[in-house]
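This is the structure I have questions about; it appears just below.
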Amino acid sequence: MIRKLLFGIFLLLGFGVAHSQELLCTVEINTSNIEGTNKSVFETLQQAISDYLNETRWTNTVFAPNEKIECRFFFTVKEYTNDRVKGELQVQLSRPVYNSTYTTTLLNFKDNKVEFDYREGEPLIFNETGWTNNLLGILDYYAYLFLALDFDSFSLHGGDPYFEKVATIVQQAQSSGEVGWRAFEDNRNRSAVLASFTDANTSGIRDLLYEYHRKGLDEMVTSPDKGRSTITESLENIKKIYDVAPMSVALAIFRDAKLDELVNIYSKAPQSERDEVYDLLQPVYPTERQQLEKIKKPEQ
C-alpha cells in the first residue's frame, strides 16, 4: 500500500513520522434557515465536531501529517427546537493523485435526513464498543466510510475492516429508532449507502474505486493513455450495477463524484475511446446529457 511504502521510506531516510490522526476534516454549519435563534450553540457544535473528527484515532495505521485524509462536513440546519437539530449534511472526500498536485473526489454525497439531540457544551466522547447517541453515530459512520473508501482506492478491497465498522454502526443505529438508518426506508439513506458498497449485486463499485484511482489516475501522470484505458475498463462496473440494480445509490454516488472529472480525463482521448465511454454511460445517466456530450465532443 502506498501509505505504508511512504512510511517505510521516511524511516529509511531518518525522518521522524508523527503518530498523527487520520482525518483532516473541514466542518461548517450553516444556520441561515433559522434566523432569530441563538446560534452560539452551533458555533460550539461546529468546533466540537471538528475536534471529534480530527482528534480521534480511528485506526492503528500510522499516518504522516501530509497523508491525512481530506474531507468536508457541511451541515445545513433546517430546524432547532428543544435541543433537537434537524437538517441536511453534505459530505465530501478527496484523495491525492500519485506524483501530482491534483486531488480527486471520492465521495460527494448529500444526507437529507440528519436529526440528533445536542445541548450546548455537551462533550463528544468516542465510544468504540457501543451506541451512545445519534450525533456520534452519524459522525462515526462517515469517519469510517471515509476510511473505507480511501483505503479501497489504494488497494483492492483495502477498506474491508472499515466497512465492517460501518456495518456495525448501522446495525446499532437501526435499533435506536432514529431516522436515516433503516433498511428499505429510503434508497439514499445511510443504510442504502452501505449496501451499495457491500451487497453482492453492487459491490463492483469497490473494484471500480481501486481500478479507477490506483491503476488509472495514479498511472496517468507517467502514462496518460495507459491510465485512461484502465479507467475506461473500470467504467464497465457502472454498467453492470445498472443492469442488476438501476435504482442503486451507487450510481448516483459515482455520478456526483466523477462526471465532471471524466470530461477532463477524456478531453484528449481518441474519438473512438470517447464514443465508447459515452455509449456506456448514456443509458445509465440519460438526464446527464449535457455532461456526457462534453465527454463525446470536448470543447476546443
Just do the salt bridge (Lys or Arg N to Asp or Glu O under 4.0 Å) check on Arg84 and Glu178 with the steps written out, would you?
-> CA-CA 12 Å; Arg84 187 69 172 179; Glu178 295 280 5; 2.7 Å; yes
Only one of Glu233, Glu276, Glu273, Glu261 passes salt bridge (Lys or Arg N to Asp or Glu O under 4.0 Å) with Arg228, and that residue is Glu273
Decide yes or no for Leu136 and Asn127: does some side-chain heavy atom of the first lie under 4.5 Å from some side-chain heavy atom of the second?
-> no
Any chance you could measure Ser50, atom OG, to Glu28, atom CD, to the nearest 0.5 Å?
-> 11.5 Å
Check Leu53 against Ala143 and note the closest heavy-atom contact, atom names and distance.
-> CD2-CB, 4.3 Å
Full working for side-chain contact (heavy atoms from CB on, under 4.5 Å) between Val249 and Phe109 | CA-CA 10 Å; Val249 69; Phe109 178 74; 4.1 Å; yes
Can you name the closest pair of heavy atoms from Leu23 and Asn54 and give their distance?
-> O-OD1, 3.1 Å
Starting from the C-alpha separation in whole Å, work towards a yes-or-no answer on side-chain contact (heavy atoms from CB on, under 4.5 Å) for Tyr212 and Ile265.
-> CA-CA 11 Å; Tyr212 183 110; Ile265 287 174; 3.3 Å; yes
Find out whether Ser40 and Glu120 are in side-chain contact, i.e. whether some heavy atom of one side chain is under 4.5 Å from a heavy atom of the other.
-> yes
Among the clusters formed by ILVMFWY side chains lying less than 4.5 Å apart, do Val244 and Ile238 turn up in the same one?
-> no
Counterpart residues, ring-ring contact (aromatic ring centres under 6.0 Å, His included), relative to Phe254 (two or more places apart) = none
Those residues at least two apart in sequence (or on a different chain) that pass salt bridge (charged side-chain N to carboxylate O under 4.0 Å, His left out) with Lys240 are none
Check whether any side-chain heavy atom of Arg214 sits under 4.5 Å from a side-chain heavy atom of Arg95, and report yes or no.
-> yes
Rounded to the nearest 0.5 Å, what's the gap from CH2 on Trp131 to CD on Gln174? Could you check?
-> 10.0 Å
Excluding sequence neighbours, so at least two apart, what forms salt bridge (charged side-chain N to carboxylate O under 4.0 Å, His left out) with Arg190?
-> Asp111
So, for Phe42 and Ile29, which heavy atoms are closest and what is the spacing to 0.1 Å?
-> O-CD1, 3.7 Å
Rounded to the nearest 0.5 Å, what's the gap from CG on Asp186 to CG on Asn112? Could you check?
-> 7.5 Å
Taking salt bridge (charged side-chain N to carboxylate O under 4.0 Å, His left out) as the test, write out the residues that go with Asp152, two or more places apart.
-> Arg206
Do the rings of Phe73 and Tyr142 sit parallel, tilted or perpendicular, given the 30° and 60° boundaries?
-> perpendicular
Applying side chain to side chain donor-acceptor pair (under 3.5 Å), name anything that partners Asp243, two or more places apart in sequence or on another chain.
-> Lys239
Check whether Ile169 and Val179 end up in the same hydrophobic cluster, where Ile, Leu, Val, Met, Phe, Trp and Tyr are linked by side-chain heavy atoms less than 4.5 Å apart.
-> no
Mind checking whether Asn237 and Glu211 have side chains closer than 4.5 Å, heavy atoms only?
-> yes
Path from Ile34 to Leu89 over hydrophobic side-chain contacts below 4.5 Å | yes
What residues form a side chain to side chain donor-acceptor pair (under 3.5 Å) with Glu219, not counting sequence neighbours?
-> none
Going only through I, L, V, M, F, W and Y residues with side-chain contacts under 4.5 Å, is there a path from Leu217 to Leu235?
-> yes
Should we say atom NZ of Lys110 is surrounded by more than 12 heavy atoms from elsewhere, each under 6.0 Å from it?
-> no
Looking at Arg274 and Lys296, what are the two nearest heavy atoms and their distance?
-> NE-O, 3.2 Å
Ser229 (side chain) donor-acceptor with Lys226 (main chain) under 3.5 angstrom = no
Those residues that, when tested against Phe197, pass ring-ring contact (aromatic ring centres under 6.0 Å, His included) (two or more places apart) = Phe163
Using a 4.5 Å cut-off on heavy atoms from C-beta on, say whether the side chain of Leu107 contacts that of Leu145.
-> yes
Table please: side-chain donor-acceptor pairs of residues 278-285 below 3.5 Å, with sequence neighbours left out.
from   : atom 1 : to     : atom 2 : distance (Å)
Tyr278 : OH     : Glu293 : OE2    : 3.3
Tyr285 : OH     : Leu251 : O      : 2.6

Can you check whether Leu156 reaches Asp207 side chain to side chain, under 4.5 Å on heavy atoms?
-> yes
How far apart are the C-alpha atoms of Thr104 and Lys258, what are their side-chain angles, what is the distance that settles it, and do they pass the side chain to side chain donor-acceptor pair (under 3.5 Å) test?
-> CA-CA 9 Å; Thr104 181; Lys258 294 301 181 186; 2.5 Å; yes
How long is the span from the OG1 atom in Thr287 to the CG atom in Leu292, to the nearest 0.5 Å?
-> 8.5 Å
Under the ring-ring contact (aromatic ring centres under 6.0 Å, His included) test, residues paired with Tyr266 that sit two or more places apart = none
Can you name the side-chain contact (heavy atoms from CB on, under 4.5 Å) partners of Asn30, sequence neighbours left out?
-> Ser32, Phe74, Thr76
The side-chain contact (heavy atoms from CB on, under 4.5 Å) partners of Val263 (sequence neighbours excluded) come to Gln291, Lys294, Ile295
Flag, side chain of Ser248 to backbone of Ala245, donor-acceptor distance under 3.5 Å = no
Are Tyr210 and Ile231 joined in one hydrophobic group, where the rule is that I, L, V, M, F, W and Y side chains link up if heavy atoms are under 4.5 Å apart?
-> no
State, to 0.1 Å, how close Lys68 and Leu24 come at their nearest heavy-atom pair, and which atoms those are.
-> CB-CB, 3.8 Å
Is the backbone of Gly216 close enough, under 3.5 Å, to the side chain of Thr230 for a donor and an acceptor to pair up by distance?
-> no
Should Phe116 and Leu45 be marked as a side-chain contact (heavy atoms from CB on, under 4.5 Å) after you check the CA-CA gap, both sets of side-chain angles, and the distance that decides it?
-> CA-CA 12 Å; Phe116 55 86; Leu45 177 60; 3.9 Å; yes
Min side-chain heavy-atom separation Pro224-Lys268 under 4.5 Å | no
Test log, rule side-chain contact (heavy atoms from CB on, under 4.5 Å), inputs Trp181 and Asn189 = CA-CA 6 Å; Trp181 299 101; Asn189 72 358; 5.7 Å; no
Test ring-ring contact (aromatic ring centres under 6.0 Å, His included) applied to Tyr52 - qualifying residues, sequence neighbours left out = Trp58
Closest heavy-atom pair and its distance - Val221, Asn99 | CG1-O, 3.3 Å
Give, for atom OG of Ser234 and atom CD1 of Ile205, the distance between the pair rounded to the nearest 0.5 Å.
-> 9.0 Å
Separation between CD (Glu122) and CG (Leu135), nearest 0.5 Å, reads 7.5 Å
Are side-chain heavy atoms of Lys165 and Leu147 found at a separation under 4.5 Å?
-> no
Asn33 and Glu79: side chain to side chain donor-acceptor pair (under 3.5 Å), yes or no, with the steps?
-> CA-CA 8 Å; Asn33 291 302; Glu79 298 179 35; over 6 Å; no
